[in-house]
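First up is the structure itself, then whatever we jot down about it.
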Protein chains: 2
Amino acid sequence: MSLSGDARSDHGSAASAVADDLAQLILGELAPGQSLPSEADLAGRYSVSRLTIREAVKLLAGRGLLELSRGRRAMVREPDGSAFTDFLTSLVRTDPKGLFDLVEVRLSLEMQSATMAAKRANRAGIIAIENALQGMRDSVGDSPDFADEAAEASFHAFDFGFHEAVALASGNRVLGYLFEAMAVPLREGFFISQRGHADRGHTPQDTIAAHQRILDCIREGNGRAAAEAMRIHLRDTERDIRMALTKMAQSPARS
Amino acid sequence: MSLSGDARSDHGSAASAVADDLAQLILGELAPGQSLPSEADLAGRYSVSRLTIREAVKLLAGRGLLELSRGRRAMVREPDGSAFTDFLTSLVRTDPKGLFDLVEVRLSLEMQSATMAAKRANRAGIIAIENALQGMRDSVGDSPDFADEAAEASFHAFDFGFHEAVALASGNRVLGYLFEAMAVPLREGFFISQRGHADRGHTPQDTIAAHQRILDCIREGNGRAAAEAMRIHLRDTERDIRMALTKMAQSPARS
DNA sequence: AGGATCAAAGGTATCAGATACCTCGGGAGG
DNA sequence: CCTCCCGAGGTATCTGATACCTTTGATCCT
């Protein structure tokens, strides 16, 4: 068990100590939107130079706890999913298996999102999902091919937006933010998968139909079916990624 | 869709720009364990003062990408789950519903862990789980009550270790690190739940039995049963948390 | 009076130079 | 061959100063 509790302190340096102390204050007492005392003020309180305070503040900004802007005091920021992105990005880029680990977890979380969205989505949530789906339709039209690259990019953006809308409609903030954290790393996976997709003869209409099924189940409030529809859809995606990667391993076309 | 892609840049300050650039370098080319050039060197390359470099480095250290230690160069660090902890902590503390959102996601992830552990756990993974369970047994003995506070703390630590071991045995690094990220915030929940637990007449032996069932299913390789055993166990926990919170709302005993 | 303009105050961002202290490797001494 | 010590390289922090941004309130014009 290597769970070090709370101490993120690198090595007991003054800056780290101040940062830890401020983190407690921020997480415990300050609400997002409030601002910290001025650097000079803090320097006085902790009996260190302004420089040390600045470094502590930068440390916290890196953790996503503070938002800095020139000429104004540091503002407490509501942490969000982006904090986890670095880890996932690093994982996907360094560990060959990493992408599949991520996809596996994503499957689980998106099924959960679908289930909860079916149970709890309100009118606005449903509409957001519908809009995303409509956006996918508008991007591609009736043709099995994309008109141009812009249309294809738009299609993917709406596809992504669909999944995001489902996560948000679940009403579970952790799900929403986890999804956000996975966004960038998954985009790399998405990009790869789309190539495999085309190879297997899937059309954008197939993808749209899969999303439509998910939406229908959510609208009906059938959580179990929604999860299943999501599972089928994502399993397809996963298989495509696998195929694309295998193919890439055979004929490496590195940039 | 507010997914800003990659730009974490606060406001185009020099330090942020350097940090972003270094982040690309770290995530793209440097392996964990390697070290950055010296501050003076970097200051030269980017044509900024050493201070600016220091602030950029602190920013990255806050993101968990670098490990700093006095007298040595900054070392590239493998990001881990701790990056997500701040968000969850903030959520649990500020949003009354946050804890339940977290518990809900945790249920999903731990069921996934159990499933995967049943399918893929190797010998070492199983042993780690067994050890945690044995630790729970040793902490409490045959009595329905704990000998002292230390015994109780030890019991909880092993309980926690059990779940961690299952997550690790899943072989999915994302699951492992997500679990790690949830550790501290969940501990708060754990703490609360334990009070409800006692109220409902659950004994430590009940808890041990629940864990034993999970372990058995994993050992048998029965993923579905393992997930179900995990679900039952965690649902109990969740219910206890709910009860404890309701009770607390009625007679607030704040410190 | 009401609104636009501008200057000062308060802040942050960055620079330069200097000191304290830590780490590591190599060489002197045993 | 091992140990101890020292110097080189590095980071941590301090002081003092400058540049530039934001906010605000006083001033001035209409």
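Please read all numbers here as calculations on a predicted model, not as lab measurements. Numbers restart at 1 for each chain; the letters A, B, ... are given by sequence-line order, proteins then strands.
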Note to self: Suppose the criterion is side chain to side chain donor-acceptor pair (under 3.5 Å): which pairs have a residue in residues 123-133 of chain B, not counting sequence neighbours?
What the structure shows: B:Glu130-B:Arg219
Next item on the list: Specify the residues of residues 40-56 of chain B, ordered by number, for which at least one heavy atom lies under 4.0 angstrom from an atom of DNA chain C.
Entry: B:Val48, B:Ser49, B:Arg50, B:Leu51, B:Thr52, B:Glu55
Checklist line | Whole-Å distance separating the CG atom of B:Leu66 from the C1' atom of D:dG10 | finding: 15 Å
Checklist line | Those residues that, when tested against B:Glu39, pass side-chain contact (heavy atoms from CB on, under 4.5 Å) (two or more places apart) | finding: B:Arg50, B:Ile53, B:Arg54
Next item on the list: Could you list the residues that satisfy ring pair (Phe, Tyr, Trp, His ring centres under 6.0 Å) with A:Phe87, not counting sequence neighbours?
Entry: A:Phe84, B:Tyr177
Check: Roughly, in whole Å, what's the span from CD in A:Glu39 to P in D:dG16?
Finding: 17 Å
Expected rows: protein N/O vs nucleotides 21-24 of chain C N/O, under 3.5 Å:
unit_1: C:dC24; atom_1: OP1; unit_2: B:Arg72; atom_2: NH1; d: 2.9

Checklist line | Set of side-chain contact (heavy atoms from CB on, under 4.5 Å) partners for B:Ala132, sequence neighbours left out | finding: B:Phe162
Next item on the list: Only counting residues at least two apart or in another chain, list the ones meeting side-chain contact (heavy atoms from CB on, under 4.5 Å) with B:Ser90.
Entry: A:Leu27, A:Pro79, B:Thr94
Notebook entry, point to check: Going by the salt bridge (Lys or Arg N to Asp or Glu O under 4.0 Å) test, which pairs reach into residues 167-177 of chain B, not counting sequence neighbours?
Noted result: A:Asp95-B:Arg173, B:Glu78-B:Arg173
Note to self: For A:Phe155 together with A:Phe160, are the ring centres under 6.0 Å from each other?
What the structure shows: no
Next item on the list: In whole angstrom, give the distance that lies between atom CG of A:Leu68 and atom C1' of C:dT14.
Entry: 14 Å
Check: Mind checking what makes salt bridge (charged side-chain N to carboxylate O under 4.0 Å, His left out) contact with B:Arg73, not counting sequence neighbours?
Finding: none
